[in-house]
Amino acid sequence: MQQVKIIGSALPNIPWQERPEGCTAPVWRYTENPVIPRNPLPGVARIFNSAVIPYQGEFIGVFRGEQVNGIPYIYLGHSNDAVHWRFDSEKIPFKDEKGEPFMPPYAYDPRLIAVDGVYYVIWCQDAFGATLGMAKTTDFKTFTRLENPFLPFNRNGVLFPRRVNGKFLLLSRPSDSGHTPFGDIWLSESRDLEYWGRHRHVMSKSDEWWENVKIGGGAAPIETSEGWLLIYHGVTGTCNGFVYSIGGAILDLDEPSRVLYRCSDFLITPEEWYEERGFVPNVCFPCATLQDAETGRIAIYYGAADTYVGLAFTQVDTLAAYIKAHDAASAEDRSAGRR
């Protein structure tokens, strides 16, 4: 019997592999990784750092497609099983509120979250500096741009899957204009998805080797009976550049700027060939999860080496217990994040 409950819907067709015999890690990789190879469609060299969601009994996703000219855009993908994907040949056609074309100069690292029956796409783009873009859709045919949430410079926008106290909540990572060597996770709220405020600090980098340079949001938080389960990324620096790993934390349900538990250990760090070798080596970058409230199963989608999409699995009981057993949350983490 599950000790920790996922608050949400059953997803009986969630992709799944049982934990390998002898595996002691809380998260295990899909044996058929990577699930998306190089050159997935004409004009696109690589797909990675992408997000998926259940839709009409099947699955749909927003995918970072790195074009052969080096400019990233977002493409729509469809799947029967959330493992084998077919992609639209054209970029998602974003429009403004009048229905006129309104494409960002570029767009990358999208997230896809449903709130109150509306699907929101969040990505990083240029707006006189790197910042977040946002659009909404109800049918995955018309995508209407909303106001950009923040000024430059900001990345890693992650919307919560429901309102808290009547307000939309958004995680972000303020940064600078380059490949920033710093960054913390922040929480902001809005009543209307246009005006954002009440900014609260959630977590900083830590002294653990795998996240001692910067951290940032990953998948949309999963609501559980223990709190919001947050799967995020942490970065360290080496003589060969940055290394991106996947970490886990549990946030307070009613005030998510308070960290209840924060795992001292990584959940996944680059170890497989498709994580270590690619356009940007040594990257595991989570952007989405699927979860089944009935069984407690969780499937994690992550970008690998800025070249591939990988898939990993865990159980909510397993992951929550591991995070709590290896808790290293500081007094600052557990505060409301206000000064």
Walk me through whether Leu112 and Phe140 qualify under side chain to side chain contact (heavy atoms under 4.5 Å, CB included). CA-CA 11 Å; Leu112 177 60; Phe140 289 96; 4.1 Å; yes
Side-chain heavy atoms of Leu171 within contact of Phe160, under 4.5 Å: yes
Are any non-hydrogen side-chain atoms of Val52 and Phe59 less than 4.5 angstrom apart? no
If the test is side chain to side chain contact (heavy atoms under 4.5 Å, CB included), which one of Arg338, Glu332, Arg339 qualifies with Ser335? Glu332
Distance only, no hydrogens: is a donor on one side chain within 3.5 Å (strictly under) of an acceptor on the other, for Tyr108 and Arg155? yes
Nearest heavy-atom pair of Val27 and Ala312: which atoms, and what distance? CG1-CB, 3.7 Å
Can you confirm whether Glu58 is buried at CD, in the sense that more than 12 heavy atoms of other residues, nucleotides or ligands lie under 6.0 Å from that atom? yes
Taking the side chain as everything from C-beta on, heavy atoms only, tell me whether Ile71 gets closer than 4.5 Å to Tyr73. yes
For the residue pair Phe266 and Trp210, does the interplanar ring angle fall in the parallel (under 30°), tilted (30 to 60°) or perpendicular (over 60°) class? perpendicular
Give a yes or no on whether a salt bridge exists between Glu208 and Arg262, defined as a side-chain N under 4.0 angstrom from a carboxylate O. no
Under 3.5 Å, is there a donor-acceptor pair between the side chain of Arg163 and the main chain of Val115? no
Using a 3.5 Å distance criterion without hydrogens, assess whether the side chain of Asp252 forms a donor-acceptor pair with backbone atoms of Asp254. yes
Do Val202 and Pro256 touch side chain to side chain, with heavy atoms closer than 4.5 Å? no
Can you tell me how far CG of Leu311 sits from CG of Asn33, rounded to the nearest 0.5 angstrom? 6.0 Å
Rounded to the nearest 0.5 Å, how far apart are CD1 of Ile47 and CD of Glu66? 10.5 Å
Point-to-point distance, once rounded to the nearest 0.5 Å, from OG of Ser245 to CG of Asn282: 9.0 Å
Using a 3.5 Å distance criterion without hydrogens, assess whether the side chain of Arg258 forms a donor-acceptor pair with backbone atoms of Arg334. yes
Within a radius of less than 6.0 Å around CZ of Phe182, do more than 12 heavy atoms belonging to other residues, nucleotides or ligands occur? yes
Should Lys5 and Glu223 count as an ion pair when the cut-off is N to O under 4.0 Å? no
Side chain to side chain, Pro15 and Leu290, heavy atoms closer than 4.5 Å: yes
Tell me if a side-chain donor or acceptor on Ser257 pairs with a main-chain N or O of Ala336 at a distance below 3.5 Å. yes
Would you please say whether a donor-acceptor pair under 3.5 Å links the side chains of Asp265 and Tyr322? yes
What distance do Asn49 atom CG and Thr307 atom OG1 have between them, rounded to the nearest 0.5 Å? 9.5 Å
Of the non-hydrogen atoms in Asp176 and Phe153, which two are nearest, and what is the gap between them? O-CB, 3.5 Å
Is there side-chain contact between Glu272 and Tyr308, with heavy atoms separated by less than 4.5 Å? no
Going through the checks in order, is the side chain to side chain contact (heavy atoms under 4.5 Å, CB included) test met by Arg145 and Lys95? CA-CA 6 Å; Arg145 292 274 304 272; Lys95 300 182 181 296; over 6 Å; no
Determine the minimum heavy-atom distance between Ser204 and Asp184, stating which atoms define it. OG-OD2, 3.0 Å
What is the minimum heavy-atom distance between Val316 and Leu229, and which atoms define it? CG2-CD2, 4.5 Å
Salt bridge Arg46-Asp306, side-chain N to carboxylate O under 4.0 Å: no
Full working for side chain to side chain contact (heavy atoms under 4.5 Å, CB included) between Leu319 and Ile231: CA-CA 10 Å; Leu319 187 52; Ile231 296 172; 4.3 Å; yes
Mutual orientation of the aromatic rings belonging to Phe87 and Trp85 [parallel < 30°, tilted 30-60°, perpendicular > 60°]: parallel
Asp292 vs Ile6 side-chain heavy atoms within contact, under 4.5 Å: no
Taking everything shown except Asp207 itself, do over 12 heavy atoms lie less than 6.0 Å from its CG? no
Counting only N and O atoms by type, is there a donor-acceptor contact under 3.5 Å from the side chain of Thr289 to the main-chain atoms of Ile298? no
Got a donor-acceptor contact below 3.5 angstrom from the Ser50 side chain to the Arg64 backbone? yes
Would you say Ser225's side chain and Val4's backbone share a donor-acceptor pair under 3.5 angstrom? no
Salt bridge or not between Lys324 and Glu226? Use side-chain N to carboxylate O under 4.0 Å. yes
Do Tyr55 and Tyr119 have ring centres separated by under 6.0 Å? yes
Tell me if the NZ atom of Lys167 is crowded by more than 12 foreign heavy atoms within 6.0 Å. yes
Do Glu211 and Tyr232 have a side chain donor and acceptor closer than 3.5 Å? yes
To the nearest 0.5 angstrom, please state how far the OH atom of Tyr106 sits from the CD1 atom of Ile74. 12.0 Å
Can you confirm whether Glu255 is buried at CD, in the sense that more than 12 heavy atoms of other residues, nucleotides or ligands lie under 6.0 Å from that atom? yes
Nearest non-hydrogen partners of Pro40 and Pro37, listed with the distance: CD-O, 3.9 Å
Does one side chain, of Gln125 or Trp123, offer a donor that lies under 3.5 Å from an acceptor on the other? yes
Asp139, CG atom: more than 12 neighbouring heavy atoms under 6.0 Å: yes
How about Ile268 and Glu275: do any of their side-chain heavy atoms sit closer than 4.5 Å? yes
Verify side chain to side chain donor-acceptor pair (under 3.5 Å) between Arg111 and Tyr120, making sure each step is shown before the conclusion. CA-CA 8 Å; Arg111 273 73 166 186; Tyr120 296 94; over 6 Å; no
Test Asn156 against Phe285 for side chain to side chain contact (heavy atoms under 4.5 Å, CB included), laying out the working first. CA-CA 11 Å; Asn156 295 306; Phe285 190 90; 3.3 Å; yes
N/O donor-acceptor pair under 3.5 Å between Thr236 side chain and Asn212 backbone: no
Residues Gln17 and Thr31: side-chain donor-acceptor under 3.5 angstrom: yes
Taking Trp228 for the side chain and Ile250 for the main chain, is one N or O donor matched with an acceptor at less than 3.5 Å? no
Return the CD to CD distance between Gln2 and Glu294, rounded to the nearest 0.5 Å. 8.0 Å
Please check if the side chain of His78 supplies one atom and the backbone of Arg86 the other of a donor-acceptor pair under 3.5 Å. no
Does atom CZ (Arg191) have a neighbourhood of more than 12 heavy atoms from anything else shown, all under 6.0 Å? no
